[in-house]
Each structure stands twice: as C-alpha cells, then as structure tokens.
Amino acid sequence: TVGCAALDKEGNLAAGTSTGGIMNKRYGRVGDSPIIGAGTYANNTTCAISATGQGEYFIRGVVAHDISSLMEYKGMNLKEASKKVINEKLKTLGGKGGIIAIDRYGNIADPFNTEGMFRGYILDDGTPVVKFYKED
Amino acid sequence: TEFGLVLHGGAGSIYKGRFTAEEEKIYEDKIKEALNAGYEILKNNGTSIEAVTKVITILEDSPLFNAGKGAVLNSEGKVELDASIMSGKDLTVGAVARLSKIKNPILLANAVKDKSKHVFLIGDGAEIFAVEQGFEFVENEYFLTPEKLESFNKIKAEEKAKVQSSIQKNEEFKYG
C-alpha cells in the first residue's frame with residue numbers, strides 16, 4: 001500500500017491511499033484503502049491521514065476517522081491521538097500496521113506497530129526525510 | 001509550518017536485515033523522488049490534492065510498492081487495485097475498488113471525487129466510468145512483476161502441499 005497526506009499554502013489538507021491489497025486475497029476482497037474513515041481521511045479542522053496494514057482491522061476500528069475525532073472532540077494533538085489509536089485500539093483489535101498524518105499546523109505523525117514502515121516527509125524547508133524501521 | 005507532506009510505502013514484511021544496503025538505497029531514492037515532486041507542487045502554490053495525486057502516481061508507477069505496477073496478486077492470479085482520496089477543505093471524496101485495467105487508480109478515485117455525483121465505484125462500473133473520462137487502460141499483466149509472481153507461486157505451492165498432506169492424513173485416519 002502507498003499513501004500520502006499533504007498541507008498546502010492555503011491551509012487545505014488532503015489524503016490519498018492506493019493498494020493491491022493482500023497477496024492471494026480472495027477475489028473481490030476489499031480492504032481499508034478505499035474505505036473513507038478507515039484507511040483514508042482528511043478534515044481541515046483536524047488532520048489528513050493514510051493508513052497501511054491489515055485492512056480488516058482498520059475497517060473495524062474506523063482508524064483514520066477515530067484519530068480525527070479524538071482531535072476534534074477530545075482536544076488531543078495529532079501525535080497523541082494517532083499513537084493512542086495505533087498502539088492501543090488497533091493493538092487491542094489484533095491488527096498490524098500504521099498511519100502517516102499531517103495536521104493543519106504541519107505537524108507530522110507516523111506511528112506503526114510493525115517492525116518497519118516505508119515512510120518519509122518533507123516540510124517547507126525542502127529537506128526530505130526517509131525512514132524504514134522502528135529504530136529510525 | 002506553511003506547507004508539507006508525508007507519505008508511506010507500506011508496513012508489511014519490512015524489518016532490519018531483509019534488504020541489502022543497495023536495496024534500501026533504491027527505496028530511499030524513489031521515496032525522495034516522490035517527496036520532492038510533491039514539494040515542488042506545494043512550493044509553487046499547488047493544492048494538497050494535486051500533491052497527493054502526484055506523489056501516489058509516482059509510487060503506483062514504481063514496481064517497488066504494493067500499488068499499481070508491482071501490486072500483489074489475488075487468489076485467481078490477477079491484480080485487483082483499490083484507491084481513495086479525500087479533500088479536507090470540503091470533505092469531498094472519491095474511492096474505487098476492484099480495478100484490473102486502470103494504470104493509476106488514484107487518478108480515477110480523484111475523477112470520481114470531482115466528476116461523479118457518487119463517492120465509491122467498483123469493478124466494471126468504475127472502469128466504464130474511466131472510459132467515459134478518457135482514462136489510460138493497460139492489460140492486467142502490466143501490473144505483474146517477477147518478484148510478486150514468484151511469491152504468489154510459492155504460496156500456491158504451499159497451499160497445494162497442505163491440501164495433499166491433509167488428504168493423506170484423512171486417509172490414514174480412515175484406515176486406522
């Protein structure tokens with residue numbers, strides 16, 4: 001799966017996700033990537049999110065929207081909200097994976113509960129940062 | 001921060017020791033290429049939607065990731081692709097699933113968002129919509145890579161061996 005979340009100069013957020021799903025998946029199986037609120041979500045009042053991992057768990061946990069809701073209704077910041085959903089809720093459900101997200105202030109979050117996740121970010125200073133593993 | 005973007009290229013089977021330094025460099029270069037392309041759009045007053053579609057198109061076109069070219073195979077040995085996109089400005093959305101012939105699913109998802117009254121199109125219906133919108137079609141084989149085909153064949157061989165082993169066990173049980 002691949003995904004991207006962006007903040008533009010007008011303050012508008014957007015998120016997108018694209019995938020082939022799971023190897024040897026049953027014909028017709030759909031994961032979280034095209035499900036808005038599960039694998040993809042964006043709202044200018046909170047953040048933009050794209051997820052990757054075991055889609056069934058992200059659908060059951062409504063993971064992307066949950067992060068946005070924690071920010072909107074509970075006043076959590078992006079890092080707190082995304083860590084809570086990935087490290088607590090998704091873990092409780094038994095799902096593996098992670099998310100990348102950016103909020104309206106340009107704060108980044110990339111929590112995951114697997115050994116690694118290909119990820120990177122670039123902010124207005126123009127320096128690209130790429131990471132692979134948990135330790136990075 | 002005035003603008004910026006963050007991306008991922010999947011979290012499955014990525015652990016220290018799996019990739020050589022050369023392989024890591026190939027992934028790093030492709031991710032940097034995508035980041036820089038998105039950055040140029042945002043720096044030049046492009047929209048976040050434009051940046052997201054550009055970044056994802058680059059990753060879909062690369063055989064390194066499980067999206068577009070290089071995607072995994074379903075149980076029938078075919079590639080089935082899903083994608084979605086959402087604008088935080090007005091909460092508009094486009095999603096597509098079960099595509100087998102669209103080169104860049106994220107662009108079709110964006111077209112569903114902008115040029116359809118619907119939110120989510122799947123399979124044949126999505127591809128008919130793509131024809132109407134003048135999208136680029138490819139054969140399903142375009143998405144296949146030797147690495148993914150090898151993984152698929154390995155899984156199928158393991159499945160076959162499991163079934164045969166199970167049949168043998170049942171026979172033994174029956175005779176026992």
Side-chain angles (χ1 to χ4, degrees), chain A residues 1-10 12-31 33-36 39-44 48 50 52-53 97-98 100-102 105-106 108 110 112 114-124 126 128 130 132-133, chain B residues 1-11 14-16 24 27-28 31-32 35-36 38-39 42 45-49 51-53 55-56 59-60 65-68 71-76 79-89 91 93 95-98 105-106 109 120 151-152 155:
Chain A
T1 307
V2 303
C4 179
L7 167 70
D8 64 29
K9 286 183 180 176
E10 297 292 318
N12 293 317
L13 293 164
T17 312
S18 181
T19 191
I22 294 173
M23 177 66 91
N24 201 31
K25 67 185 178 182
R26 181 181 276 263
Y27 176 74
R29 177 265 187 188
V30 173
S33 297
I35 310 293
I36 295 300
T40 305
Y41 192 72
N43 185 329
N44 272 9
S50 171
T52 177
I100 50 98
I102 187 167
Y105 306 109
I108 301 286
D110 59 358
F112 54 97
T114 50
E115 290 295 306
M117 179 168 81
F118 289 131
R119 61 205 191 277
Y121 66 86
I122 189 164
L123 301 176
D124 48 16
V130 178
F132 294 167
Y133 308 110
Chain B
T1 302
E2 198 186 2
F3 64 91
L5 68 95
V6 55
L7 68 78
H8 70 76
I14 299 161
Y15 51 87
K16 265 203 167 151
E24 285 183 353
Y27 278 97
E28 188 180 338
I31 290 171
K32 276 187 179 166
L35 288 172
N36 288 328
Y39 176 83
L42 296 173
N45 304 314
T47 67
S48 51
I49 285 285
V52 165
T53 51
V55 166
I56 294 183
L59 300 176
E60 285 178 338
F65 306 99
N66 179 21
V72 297
L73 286 71
N74 69 8
S75 57
E76 312 288 311
V79 171
E80 275 183 2
L81 303 167
D82 308 331
S84 68
I85 192 163
M86 181 167 188
S87 163
K89 181 184 177 183
L91 307 186
V93 166
V96 287
R98 289 194 58 201
I106 194 67
F120 198 163
S151 301
F152 176 74
I155 288 171

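The analysis underlying the following values was restricted to heavy atoms, covering all of them including side chains, and did not include hydrogens, waters or symmetry mates. Chain letters run A, B, ... following the sequence lines, proteins first and then strands; every chain starts at 1.
Within a 6.0 Å radius of OH in A:Y121, no more than 12 heavy atoms belonging to other residues, nucleotides or ligands are found. With a 6.0 Å radius and a threshold of 12 heavy atoms from other residues, nucleotides or ligands, B:E76 has its CD atom above the threshold.
Of the options B:N66, B:I155, B:N74, a side-chain contact (heavy atoms from CB on, under 4.5 Å) to A:M23 is made by B:I155 and by none of the others. For the side-chain contact (heavy atoms from CB on, under 4.5 Å) test with A:V2, the passing option among B:I106, B:I56, B:L7, B:I31 is B:I56; the others fail.
When each of B:A109, B:S151, B:A51, B:S75 is scored by its heavy-atom pairs under 4.5 Å with chain A, the top score falls to B:S75. Of the listed residues (A:G39, A:G21, A:A48), the one with the most heavy-atom contacts under 4.5 Å to chain B is A:G21. In terms of non-hydrogen atom pairs under 4.5 Å with chain B, the most contact-rich of A:L13, A:N12, A:T19, A:V130 is A:T19. Ranked by heavy-atom pairs under 4.5 Å with chain B, the first of A:G16, A:G53, A:G120 is A:G120. Taking chain B as the reference chain and counting heavy-atom pairs below 4.5 Å, the highest number among A:R29, A:R26, A:K25, A:E115 is found for A:K25. Most heavy-atom pairs under 4.5 Å with chain A, from the set B:P105, B:A95, B:G10, B:A67: that is B:G10. Taking A:L123, A:N24, A:T40, A:I108 one by one and counting their heavy-atom pairs under 4.5 Å with chain B, the maximum is reached by A:N24. When each of B:A83, B:G46, B:G88, B:G38 is scored by its heavy-atom pairs under 4.5 Å with chain A, the top score falls to B:G88.
Between A:F118 and B:F65, the ring-plane angle classifies as perpendicular under the 30° and 60° cut-offs.
Of all heavy-atom pairs between A:P34 and B:S84, the closest is CA-CB, 3.6 Å. Between B:K16 and A:Y133, the shortest heavy-atom distance links the atoms N-CE2, 3.5 Å. What you find for A:A6 and B:S48 is that their closest heavy atoms are O-CB, 3.5 Å.
Distance alone, capped at 3.5 Å, places no donor-acceptor pair between the A:D8 side chain and the B:T47 backbone.
In this structure, the side chains of A:I122 and B:N36 come closer than 4.5 Å at one or more pairs of heavy atoms. Using a 4.5 Å heavy-atom cutoff, the side chains of B:E28 and A:F132 are in contact. Side-chain contact between B:I14 and A:T114 is absent, with no heavy atoms from C-beta onward closer than 4.5 Å.
Atom CD1 of A:I36 sits about 9.0 Å away from atom CD1 of B:I85, to the nearest 0.5 Å. If you take SG on A:C4 and CG on B:L35, they are separated by 8.0 Å, rounding to the nearest 0.5 Å. One finds the CG atom of A:D124 at 10.0 Å from the CG atom of B:L42 (value rounded to the nearest 0.5 Å).
Contact annotation for B:F152: both backbone and side-chain heavy atoms come within less than 4.5 Å of a heavy atom of chain A. If you measure heavy-atom distances from A:A5 to chain B, the contacts under 4.5 Å come from both the backbone and the side chain. In this structure, the portion of B:V55 lying under 4.5 Å from any heavy atom of chain A is its side chain and not its backbone.
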### Task
Decide side-chain contact (heavy atoms from CB on, under 4.5 Å) for A:Y27 and B:R98; before the verdict, give the C-alpha distance in whole Å, the side-chain angles of both, and the deciding distance to 0.1 Å.
CA-CA 9 Å; A:Y27 176 74; B:R98 289 194 58 201; 2.7 Å; yes
#### Entry: Audit row: A:S18, B:L59, side-chain contact (heavy atoms from CB on, under 4.5 Å) steps and yes/no
CA-CA 9 Å; A:S18 181; B:L59 300 176; over 6 Å; no
